[in-house]
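Input: a single structure, listed below in structure tokens.
Only this structure's heavy atoms are used, side chains among them; waters, hydrogens and symmetry mates stay out. Since we're looking at a predicted model, the values are computed, not measured.
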Amino acid sequence: MNPLPWSRPLPPGSVAVAYTGGVQLGAHVMERLAPYERERVLRGCSTNVDNLDAGHWGTLLSSALVVEEPMPLPYALLLVAALGYTEYAYGAWWTAAAFLFGHACATLLVHAVLRRTADTETRRALDVGTSYGLNTVLGVLTSALPRGTVRGVARVGLLALAAAPVLRRGRTFTDVGHLVALGVGVGLSLAADRLSGARPRGNVLARTG
């Protein structure tokens, strides 16, 4: 597959560092806001049921750009590593598209369920962060593993880990969203496998970013 004519190459890892750094910086800035102002910003960016039912579809993007509090360092490093390697393997633009696609899909499916069943508090709950996109990218990255047993075991193992919180008591809609996002990522990786055919590993998708 040839690079798309409108795409311009970006150094591998550039999107990962810029995105993670921007989200983290924004979280530190919001910590300095007055509590009511911080709450207003977070609620305005949230993909909760009330916002989506009111037609605030822009929150499908804004919710992936903010977090309730600064990310712990191990989590931030995992986000950079996962996004960075996906950029290296598949390109920056494709990585960004997969991240946002998984984030949106998980959000919309959770919304479809909650809008019929949720109580008032849940309908207004904050729903922001990077975790849906991260789970999608982790699913996509299974295509970078050796074909066969290793790749299959990795996919089943990741899905089992994501399913465990959904099966326990006290599960939250976020747990369901994580499982959906990972499933989307695994689905994208399966599609990439079919597109790649017998090509050598590392050429699953052209580096269009």
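Pairs of residues two or more places apart, or lying in two chains, that qualify as salt bridge (charged side-chain N to carboxylate O under 4.0 Å, His left out) and include a residue from residues 46-66 are D50-R123, D53-R115, D53-R123. Identified under the side-chain hydrogen bond (donor to acceptor under 3.5 Å, both in side chains) test for residues 65-75, with sequence neighbours left out: Y75-T130.
When side chains are defined from C-beta on, W94 counts as touching V140, because their heavy atoms get closer than 4.5 Å. Looking at heavy atoms from C-beta onward, S14 lies in side-chain contact with E87 at the 4.5 angstrom threshold. F101 places a side-chain heavy atom less than 4.5 Å from the side chain of V184.
Within the model, atoms CG of L167 and CZ of R171 stand 7.5 Å from one another, a figure rounded to the nearest 0.5 Å. To the nearest 0.5 Å, the span separating CZ on R40 from CZ on R43 amounts to 13.0 Å. Atoms CG and OG1, from N48 and T107 in turn, are 11.0 Å apart once rounded to the nearest 0.5 Å.
At a threshold of 4.5 Å between side-chain heavy atoms, the hydrophobic network of Ile, Leu, Val, Met, Phe, Trp and Tyr places V29 and L126 in two separate groups. Hydrophobic cluster membership is shared by M71 and L65, with clusters built from Ile, Leu, Val, Met, Phe, Trp and Tyr side chains linked at under 4.5 angstrom. Cluster annotation: V80 is not connected to L141 through the hydrophobic network of ILVMFWY side chains, with a link wherever side-chain heavy atoms come within less than 4.5 Å. V23 and L42 fall into different hydrophobic clusters, where Ile, Leu, Val, Met, Phe, Trp and Tyr side chains are chained together by heavy-atom contacts under 4.5 Å. The same ILVMFWY cluster, assembled from side-chain heavy atoms under 4.5 Å apart, contains both Y85 and L100.
When all heavy atoms of L83 and A16 are compared, the closest pair comes out as CB-CB, 3.5 Å. The nearest pair of heavy atoms linking T20 to A76 is CG2-O, 3.9 Å. Considering all non-hydrogen atoms of both residues, M30 and V41 come closest at SD-CG1, 3.6 Å. When all heavy atoms of D127 and S63 are compared, the pair lying nearest together is O-CB, 3.7 Å. Among all heavy-atom pairs drawn from C45 and V66, the shortest one is CB-CG2, 3.8 Å. Across V180 and A106, no two heavy atoms sit closer than the pair CG1-CA, 3.7 Å.
Taking T122 as the reference, L114, A118, D119, F173 meet the side chain to side chain contact (heavy atoms under 4.5 Å, CB included) condition, with sequence neighbours excluded. Checked against ring-ring contact (aromatic ring centres under 6.0 Å, His included), Y19 has the following partners two or more places apart in sequence or in another chain: F99. For P70, the side chain to side chain contact (heavy atoms under 4.5 Å, CB included) criterion is met by Q24, A27, H28, E31, not counting sequence neighbours.
Atom CZ of R116 is surrounded by 12 or fewer heavy atoms from other residues, nucleotides or ligands within 6.0 Å.
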Which atom pairs, donor and acceptor, lie under 3.5 Å between side-chain atoms of residues 155-163 and protein residues at least two apart or in another chain?
unit_1, atom_1, unit_2, atom_2, d
R155, NE, T142, OG1, 3.0
R155, NE, S189, OG, 3.2
R155, NH1, D193, OD2, 3.1
R155, NH2, S143, OG, 3.3
R155, NH2, S189, OG, 3.1
R155, NH2, D193, OD2, 2.7

* To do: Report the C-alpha separation of T47 and L60 in whole Å, then their side-chain angles, then the decisive distance to 0.1 Å, and conclude whether the side-chain contact (heavy atoms from CB on, under 4.5 Å) test is met.
  => CA-CA 6 Å; T47 48; L60 288 172; 4.2 Å; yes

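Judged by distance alone, the side chains of N51 and S46 never bring a donor and an acceptor atom under 3.5 Å apart. At a cut-off of 3.5 Å, with distance as the only test, no side-chain donor of S131 or H103 sits close to an acceptor on the other residue.
The main-chain N or O of H56 is found under 3.5 Å from a side-chain atom of T59 such that the two form a donor-acceptor pair.
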